[in-house]
Amino acid sequence: MNSATLDAKLILIADPHLVCPDQVLHGKSPGARLQAVIAHINEYHADAEMCIILGDLAHGGRVDEYRYLEETLAGCAIPYRLIPGNHDIRGNMLAVFDGTRTEVPGFIMWAEVRPYARLVFLDTVQEGRSAAAFCERRLAWLRATLDASQEPLLLMLHHPPLALGFPRLDPTALDSPELEFLLHENAHRIKLLAFGHVHRSIAGQWLGIPICGLWSCAHQHTKQRQSPCLDDDVRCDPPWFGIVRIAPDATTFHLRTIELDALARCSARVAEA
């Protein structure tokens with residue numbers, strides 16, 4: 001591949017946890033927070049190729065929540081891609097986003113070839129449980145997809161594929177020795193592996209693969225996560241999103257937060273609707 005073609009910008013959003021417009025989550029409106037992120041993207045990053053939302057799209061996995069998400073994303077100036085998280089229900093998600101691609105029946109996962117890399121979108125969900133899963137059918141598809149070419153790779157998934165030192169979240173990470181072996185075999189090709197789920201900012205290297213995890217668009221988790229009550233570990237900072245810049249000689253990841261005055265304006269609009 002001609003390295004001169006490797007040039008792109010992608011937007012990443014994690015865990016918007018949308019509820020219906022007349023509802024709040026942890027005292028805040030997830031819809032207003034996502035709208036504030038989209039307004040910022042439209043103003044400053046309309047040149048991005050796409051926006052990828054890394055799961056936990058709807059807090060309750062309800063059809064009306066996905067309809068609200070669809071209405072909200074209609075205001076986004078760039079194309080978007082959606083993968084499921086443990087809060088999502090695939091059937092309800094596909095009932096609204098019926099154009100979502102899938103190459104594995106029963107799961108929402110696919111690959112797209114771009115000039116700079118092959119983007120691989122993975123489904124790590126086992127519905128009804130917080131913990132990740134990656135069954136043999138998903139693994140076989142991924143193996144065939146990676147074997148199909150030798151392009152650089154960008155992997156997008158909801159659950160982290162490794163323990164991160166968070167006592168209550170590590171048991172829900174994707175624990176698959178077969179997947180780990182497959183990714184290790186292809187580590188030299190993987191420019192970035194991005195995930196959500198943990199509501200924390202994470203960056204580092206795993207098996208020689210650059211990894212990043214994102215703060216949530218909706219609410220954050222404290223690192224300790226020791227309390228038996230989930231609400232005790234929630235902090236509603238301003239919403240965050242990520243920017244991936246892919247250049248011929250580097251792939252970089254930037255985190256951005258939304259200014260409080262912009263968030264206040266979006267919250268006011270949602271309250272008036």
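Keep in mind that the numbers below use all heavy atoms, side chains included, and drop hydrogens, waters and symmetry copies. Because the structure is predicted, anything quoted here is derived from the model rather than measured.
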Does Glu112 form a side chain to side chain contact (heavy atoms under 4.5 Å, CB included) with Arg101? I'd like the steps, not just the answer.
CA-CA 10 Å; Glu112 297 183 21; Arg101 290 179 57 182; 3.3 Å; yes
Correct closest heavy-atom pair for Val19 and Pro30 would be CG2-CD, 3.8 Å
d(Met109 CE, Arg137 CZ) to nearest 0.5 Å is 9.5 Å
Under 3.5 Å, is there a donor on one side chain and an acceptor on the other for Tyr116 and Glu49?
yes
Taking every heavy atom of Leu69 against every heavy atom of Leu34, the minimum-distance pair comes out as CD1-CD2, 3.6 Å
ask   = Does one hydrophobic cluster hold both Leu155 and Val125, with members joined at side-chain heavy-atom distances below 4.5 Å?
value = no
Nearest heavy-atom contact between Leu174 and Ala133 is CD1-C, 3.8 Å
*Could you label the plane-to-plane angle of the His59 and His26 rings as parallel, tilted or perpendicular, counting under 30° as parallel and over 60° as perpendicular?*
perpendicular
Quiz prompt | Same cluster (ILVMFWY, side-chain, under 4.5 Å), Val24 and Tyr68 | solution = no
Within a reach of under 6.0 Å around NZ of Lys28, are more than 12 heavy atoms found that belong to other residues, nucleotides or ligands?
no
So OG1 of Thr124 and CD1 of Ile83: to nearest 0.5 Å the spacing works out to 7.0 Å
For Phe181 and Glu185: C-alpha separation, side-chain torsions, deciding distance, then whether side chain to side chain contact (heavy atoms under 4.5 Å, CB included) applies.
CA-CA 6 Å; Phe181 180 79; Glu185 280 190 317; 3.4 Å; yes
Can you classify the ring geometry of His158 versus His197 as parallel (below 30°), tilted (30 to 60°) or perpendicular (above 60°)?
perpendicular
Open item on the list: Grouping I, L, V, M, F, W and Y whenever their side-chain heavy atoms are under 4.5 Å apart, do Ile89 and Met93 come out in a common cluster?
Closed with: no
So CZ of Phe241 and SG of Cys51: to nearest 0.5 Å the spacing works out to 9.0 Å
Worksheet entry | Connected via hydrophobic side-chain network under 4.5 Å: Ile41 and Ile53 | yes
### Task
Look at atom CZ of Arg245 and say whether more than 12 heavy atoms of other residues, nucleotides or ligands are closer to it than 6.0 Å.
no
Here the pair of heavy atoms bringing Leu12 nearest to Ala194 is CD1-CB, 3.7 Å
CG (Leu18) and CD (Gln35) are apart, to the nearest 0.5 Å, by 8.5 Å
*Shared hydrophobic cluster for Trp110 and Val113 (ILVMFWY, side-chain gaps under 4.5 Å)*: no
Nearest heavy-atom contact between Gly55 and Asp88 is C-OD2, 3.8 Å
Report task. Classify the angle between the aromatic ring planes of His17 and His199 as parallel (below 30°), tilted (30 to 60°) or perpendicular (above 60°). Result -> tilted
Pairwise side-chain contact, Asp15 with Leu54, heavy-atom cut-off 4.5 Å (strictly under): no
Audit row: Ile246, Leu154, side chain to side chain contact (heavy atoms under 4.5 Å, CB included) steps and yes/no
CA-CA 10 Å; Ile246 305 164; Leu154 295 172; 3.5 Å; yes
Checklist line | Residues Phe166, Thr172; criterion side chain to side chain contact (heavy atoms under 4.5 Å, CB included); working and verdict | finding: CA-CA 10 Å; Phe166 299 160; Thr172 70; over 6 Å; no
Result for side-chain hydrogen bond (donor to acceptor under 3.5 Å, both in side chains) between Arg90 and one of Thr100, Thr102, Asp123 points to Asp123
* To do: Count the heavy atoms belonging to other residues, nucleotides or ligands that lie under 6.0 Å from NE2 of His188, then report whether that count exceeds 12.
  => yes
Closest heavy-atom pair, Ala111 versus Thr145, reported as atoms and distance to 0.1 Å, is CB-CG2, 3.9 Å
